Amino acid sequence: VLIIACPCAMGLATPAAIMASANAAARRGILIRDGVALEKAGEVTAVIFDKTGTLTVGKPEVAEAMEVQSPKSKVQSLAAALARNSTHPISRAVAASRQSADDRVFTNAATIENWREIRGAGVDGRISTLNSQPSTSLFRLGSLRWLRENGVDLSTGENFIAEWSHQGATIVGLASENNLLGLFAVRDAVKANAAKVVEQLRAQGFKVFLVTGDNSLTAMSIAKQAGIEGKNVFAEVRPEQKAEFVKKLQAAGERVAFVGDGINDAPALTQADLGIAVSRASDVAREAADIILLKSEIEAVPEALGLARATLRTIKQNLFWAFFYNALGVPLAAMGFISPIFCAAAMGASDLVVIGNALRLLRWR
């Protein structure tokens with residue numbers, strides 16, 4: 001009884017599966033923070049994607065600019081001057097959109113007073129040049145929602161906004177006080193494999209959502225290209241509201257995985273049951289995430305979640321066989337039906353079964 005009741009197989013059931021799974025994930029460029037993260041990944045029921053840099057390539061460019069009250073070159077120069085100190089991908093795209101040498105000279109010579117960046121909204125400040133006095137007007141460059149909230153009338157650009165939003169472009173506006181000066185259509189291509197990834201996740205039984213700070217027309221256009229249902233698209237969501245959206249899904253009984261890449265995604269990555277940071281994610285996003293995709297892009301998301309499910313299944317199988325072995329062997333040994341030599345062999349065999357079952361994860365597909 002003492003020999004056959006040795007709990008080696010029970011003790012190996014979970015750690016053997018977790019180590020084999022972590023090894024298999026690492027070979028695929030998937031870094032799993034710990035065993036707890038692996039367990040959480042295996043229980044996920046819903047996956048939320050951020051848009052910029054996650055479903056899209058993350059290299060936005062200004063496709064078209066529209067002037068309202070100033071020449072286009074002047075609008076681009078003012079916008080570039082405001083955007084040059086920001087690290088946001090859309091700001092970088094606007095800052096790089098200045099065309100002529102004169103525009104670049106103005107942008108580099110311009111100085112900005114009281115410049116600030118409002119998270120999830122845009123940037124503002126008072127612009128002056130080396131040859132002029134500081135402007136008394138406050139210039140704003142940012143999302144249409146933010147401009148509307150500050151009393152900017154966007155009616156003159158409605159056609160431009162509708163046309164480019166339907167093409168999946170992000171629209172940002174430049175305003176002086178309450179006056180709209182120009183609009184920029186910033187377009188970022190959807191990743192070539194995004195639709196395939198969404199299809200794989202849905203085939204695995206996951207609910208797929210898109211949450212973005214963009215306007216609804218742009219969000220729906222991107223979602224259509226990625227194959228995400230319109231009812232699962234949520235637009236004009238501020239960074240802090242992304243975490244609130246995660247909470248709502250959790251309150252509805254979902255186990256949520258959030259896939260993001262930026263500093264603004266950190267609250268949602270932390271709130272989610274499982275945070276996944278893509279390969280180009282910011283350091284803050286990586287720190288907040290449970291799983292980091294080191295080499296792969298979003299195609300590794302269904303692979304990571306599928307591997308996690310397989311790991312939990314393997315752990316349960318190992319525990320079953322470990323308990324079954326003891327439940328069957330101990331009574332037989334107590335009644336004298338099996339010898340100590342057979343008990344020792346059976347104990348060793350149970351360990352081999354558990355380890356062998358765990359090692360199957362290395363060949364998981």
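Note that the structure is predicted; figures quoted are calculated from it, not measured. Hydrogens, waters and symmetry mates are skipped; everything else that's a heavy atom, side chains included, is used.
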*Once the angle between the rings of F209 and F245 is folded into 0 to 90°, is it parallel (under 30°), tilted (30 to 60°) or perpendicular (over 60°)?*
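If you compare the ring of F209 with that of F245, the planes turn out perpendicular.
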*asked:* Parallel, tilted or perpendicular, judged at 30° and 60°: which one describes the rings of W321 and F324?
replied: perpendicular
Rounded to the nearest 0.5 Å, how far apart are [atom1] of [X] and [atom2] of [Y]?
X	Y	atom1	atom2	result
E177	D124	CD	CG	10.0 Å
L249	F258	CG	CZ	11.0 Å
T170	D214	OG1	CG	3.0 Å
K59	R92	NZ	CZ	12.0 Å
Q204	R309	CD	CZ	6.5 Å
L31	I276	CG	CD1	12.5 Å

[X] side chain to [Y] main-chain N or O, any donor-acceptor pair under 3.5 Å?
X	Y	result
S165	I161	yes
S221	H166	yes
R145	N215	no
R140	W146	no
R360	G356	no
Y325	D351	no
S350	M347	yes
S91	A83	no
Q250	Q271	yes

_Audit row: K196, E199, salt bridge (Lys or Arg N to Asp or Glu O under 4.0 Å) steps and yes/no_ = CA-CA 5 Å; K196 181 179 179 181; E199 182 181 355; over 6 Å; no
*asked:* Can you tell me if F342 has over 12 outside heavy atoms packed within less than 6.0 Å of its CZ?
replied: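 Not buried by this count: 12 neighbours or fewer within 6.0 Å.
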*asked:* For Q200, I'd like to know if atom CD has over 12 heavy atoms of other residues, nucleotides or ligands within 6.0 Å.
replied: yes
Answer whether the closest heavy-atom distance between the side chains of [X] and [Y] falls below 4.5 Å.
X	Y	answer
V301	L293	yes
K40	V36	yes
I315	E39	no
N85	V123	no
V186	D188	no
N318	T14	no
L144	L183	yes
F49	T212	no

*Step by step, would you call V47 with L305 a side chain to side chain contact (heavy atoms under 4.5 Å, CB included)?*
CA-CA 10 Å; V47 181; L305 296 177; 3.8 Å; yes
Using every non-hydrogen atom in the two residues, find where [X] and [Y] come nearest and quote the distance to one decimal.
X	Y	value
A81	I127	CB-CD1, 4.4 Å
A310	W364	CB-NE1, 3.5 Å
A288	T270	CB-OG1, 3.6 Å
A272	V246	CA-CG1, 3.6 Å
A80	V94	CB-O, 4.1 Å
A24	L361	CB-O, 3.6 Å

*Output, in order, the C-alpha distance, side-chain angles, deciding distance and verdict of side chain to side chain contact (heavy atoms under 4.5 Å, CB included) for E64 and E163.*
CA-CA 11 Å; E64 185 59 73; E163 176 187 353; over 6 Å; no
Count I, L, V, M, F, W, Y as connected when their side-chain heavy atoms are under 4.5 Å apart, and connections chain through other members. Are [X] and [Y] then in the same cluster?
X	Y	answer
V197	L307	no
I32	V278	yes
I48	I298	no
V211	V256	yes
M19	V353	no

_Side-chain ion pair, E43 and R255, N-O less than 4.0 Å_ = yes
*Check step by step if side chain to side chain contact (heavy atoms under 4.5 Å, CB included) holds for E229 and R202.*
CA-CA 11 Å; E229 296 178 276; R202 293 174 65 180; 4.0 Å; yes
*Step by step, would you call F184 with V75 a side chain to side chain contact (heavy atoms under 4.5 Å, CB included)?*
CA-CA 10 Å; F184 296 84; V75 169; 3.7 Å; yes
_Among R238, K51, R119, K242, which residue satisfies the salt bridge (charged side-chain N to carboxylate O under 4.0 Å, His left out) criterion with D265?_
K242
